[in-house]
Amino acid sequence: MSLIYNIQSSVIKSLSSLFGQEFTESDFQINQTKPEFEGDYTVVLFSLLKKTGKAPQALGEELGNYLVAEYPGLFEKYNIIKGFLNLAVPDSYWLELLNTYYDNLSFGRQAANGRKVMVEYSSPNTNKPLHLGHLRNNFLGWSVAEILKAQGFEVLKSSIVNDRGMHICKSMIAWEKWGNGETPESSGKKGDHLVGDFYVMFENELRRQAAELKVREDAGDISHYDEAQQHKLIELQQHRNKLLEDKGYSAVAENLAQLDAGAHKERQELESRKEYKIIKEKIAKIDAEMMETRRGATPIMAEVKQMLIDWEAGKPEVIDLWKMMNGWVYKGMDVTYKLIGSDFDKTYYESNTYLLGKDIVQEGLEKGIFFRKPDSSVWIDLTADGLDEKLVLRKDGTSVYITQDIGLARQKHDEYNIDKSIYVIGNEQNYHMKVLRLICQKLGLSYADDIYHLSYGMVELPEGAKMKSREGTVVDADDIVAEMEREAQAKTEELGKVKDFTPGELAELYHIIGLGALKFFLLRVDPKNTIEFDPTKTIDFVGFTAPFIQYNYARIKSVLRKNELQKNIHLPLDFLPLEKELIASIEKYPVIIRQASEELNPSAIALYIYDIAKTFSSFFAEHSIANAETAEKRELRLRISTMTANVIKSGMRLLGIDVPERM
RNA sequence: GGCCCGGUAGCUCAGCUGGAUAGAGCAUCAGCCUUCUAAGCUGAGGGUCAUUGGUUCGAAUCCAAUCCGGGUCACCA
């Protein structure tokens, strides 16, 4: 059991016997003692004053004396400063820990707890290659799965491949029109990139056609729209006109129009007026909606819709094309997955699951949880829960996204009897996942409460710009990994420490360092927060980074290669501050794993491992290991170093990051 | 507009189940390689923890309001 839990339970027992009442861990707080005070852990006494009826000093004395007397293995001495009881753990405790675990590579990992978890992550679309945002998802999902394994869970990694729908049909149409039979082989392009290129081509043509419709529309020709589209456009236009007439807007707009081109300052001042800004945003939204309507009315979109119908009907040439292009994508993505170290125990394909859930909707209808509207579409009313009405079945009886999600949730449960189902999905789908869970709960599905959305923030370009595949503003996954490897190479060559490596060893090293830096960059941040990535700046290799940690690992290994451990030496019973700090930090590793698994938060591991590496780095600079004052000190430091290296390696593995023996 | 998330050093982030003088990295400045790997170490400067009010012995942390930024409220996925 970890030290902090030992301390907690001994304090609870001591308080109970001293004061004859029940105490729990929520009655008081135990912190790490601040470095400026003597001691290792601190009991905060304030919260206990009322219950014990004591003054801080008296309570501290009484508790401190009792703890030292009753638990001499845990507490050596104590001091009280204001309301804080600082407890010092004897060096013998740290020494025993070190001797027990220093060479144990599974230190921190828990035995199997018999519970099963599924972690769904990655879940790519098959119309484009992976980008930096997908990498965050992949690294997160993989790491969370490993952390849960370390905490004793049985974990299944799964992925749902979105292999059918509008998006892939767009690439297919573009390939038919402009592909000239191009294949990955003939073009020398990776399959996923090739298909992605056609997706962009489609998007360009779609945009061109939509713009053309707008030109006609402006000229008064709206014959290309059906009745519903015409109606919608007219409505939007009226709304737009109304906004333009708003005083707050029109006044500013007029002033702006009168300004010279050079009047930047005045322009800025006017544009920053609140009422103007708000209306401008609203207009932009309406413009976007109008353009979306036009896009839906283009001839090329009609082709996509027809292809989707043909696909569902199983039209052979469409199915063949679909299979061929998806095949290219899978092959390309497998290369990327291998490159970044993602793997899955179970892969679901949307083409197999998109019909799931309809039967559940039927059951829900019978139970009165869903209701049918006059047009025969099926809905659920979630307004009582602060949400909206949500469609679950279209009027033609076909399912929507959430329908198959309900079905897949059940399939996962039925197939694997999992205790918890974690979905690693971006925070843009918070609402959707909330609805999914709520619907399952309302349906009374036994596993509804086990659905957990691990929501993570977007990776954004500077100034909040979004990465959008169809606009080509993405940072490609393969590209960024290659660039990181190049950076690692440049830095390694500059330092010239591994000149004896073979080309193969060098390539491996560059991969370990480059990919490690990238993974750490994305995992060190709390999952729920947005990450800003500036493509014009390279990701750091110094400071709070994977290479820094890897470097310290390599330094330890270098020392250990030159200095053998001596098993029989009796270790000295006194530590220098940095020695003690290192052991005390290492001791917390199991607690950190537990915390990370409870929070599903790899950044807790990243922060912790960095902290260990940093402490080691100071220790390494301050004290010589090989030339320690005595043979006993040397052995002590070798064991501390060994254990540090093991924890670094183990912790980095939980993040999916390798550590090199030399760099 | 409703709901959700965020606002901490010039920048990127920790700290948030309330506790001692708010921490790292980058950047800036000053030192440190004849000894185990300097991708390093030591030190310095840098903060109205968005604002205001409240709860408390004690608030970056909890509550309320406000301001700013983002997400979402699709018969897309």
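Throughout, protein chains are lettered first and strands after them, A, B, ... in sequence-line order, and every chain is numbered starting at 1.
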What contact category does [X] fall into here, base, sugar-phosphate, or nothing, at under 4.0 angstrom with non-hydrogen atoms?
X	result
A:Ile513	base
A:Val44	base
A:Tyr551	base

Requested in this report: Would you say whether A:Phe84 stacks on B:rG19? The test is a distance between ring centres of less than 5.5 Å and an angle between planes of less than 30°.
Outcome: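 Stacking between A:Phe84 and B:rG19: absent.
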Requested in this report: Verify the stacking flag for A:Tyr431 against B:rC73: centroid separation must be under 5.5 angstrom and the ring planes must differ by under 30 degrees.
Outcome: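 Not stacked by the 5.5 Å and 30° rule.
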One thing to verify: whether [Y] and [X] come together as a salt bridge, which I'm taking to mean a side-chain N less than 4.0 angstrom from a carboxylate O.
X	Y	value
A:Lys232	A:Glu235	no
A:Arg662	A:Glu505	no
A:Lys285	A:Glu289	no

Is any side-chain N or O of [X] closer than 4.0 Å to OP1 or OP2 of [N]?
X	N	answer
A:Lys562	B:rU37	yes
A:Lys82	B:rA20	no
A:Arg295	B:rC76	no
A:Ser618	B:rU42	yes

Roughly how many Å is it from [atom1] in [X] to [atom2] in [N], rounded to a whole number?
X	N	atom1	atom2	result
A:Ile425	B:rC4	CD1	P	20 Å
A:Met433	B:rC5	CE	P	16 Å
A:Arg637	B:rU35	CZ	P	18 Å
A:Met663	B:rC36	CE	P	18 Å
A:Gln550	B:rU37	CD	P	18 Å

**Report entry** Atom P, compared across B:rG43 and B:rU51: separation rounded to whole Å
**Finding:**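 Taking atom P in both B:rG43 and B:rU51, they lie 31 Å apart.
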Query raised in the report: Taking the C1' atom of each, how far is B:rC57 from B:rU12, in whole Å?
Result: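 Per the computed distance, 37 Å lies between those C1' atoms.
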Query raised in the report: Which label fits B:rC13, syn or anti, where anti is any glycosidic angle not within 90° of 0?
Result: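 Because its glycosidic torsion lies more than 90° from 0, B:rC13 adopts the anti conformation.
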Report task. Specify the residue among A:Gln404 and A:Leu45 whose closest nucleotide of RNA chain B lies further upstream toward the 5′ end. Result ->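 By nearest-heavy-atom nucleotide position, the 5'-most residue is A:Leu45.
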Query raised in the report: Closest nucleotide of RNA chain B for A:His167 versus for A:Leu509: which of these residues is on the 5' side?
Result: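 Looking at RNA chain B, the more 5' nearest nucleotide goes with A:Leu509.
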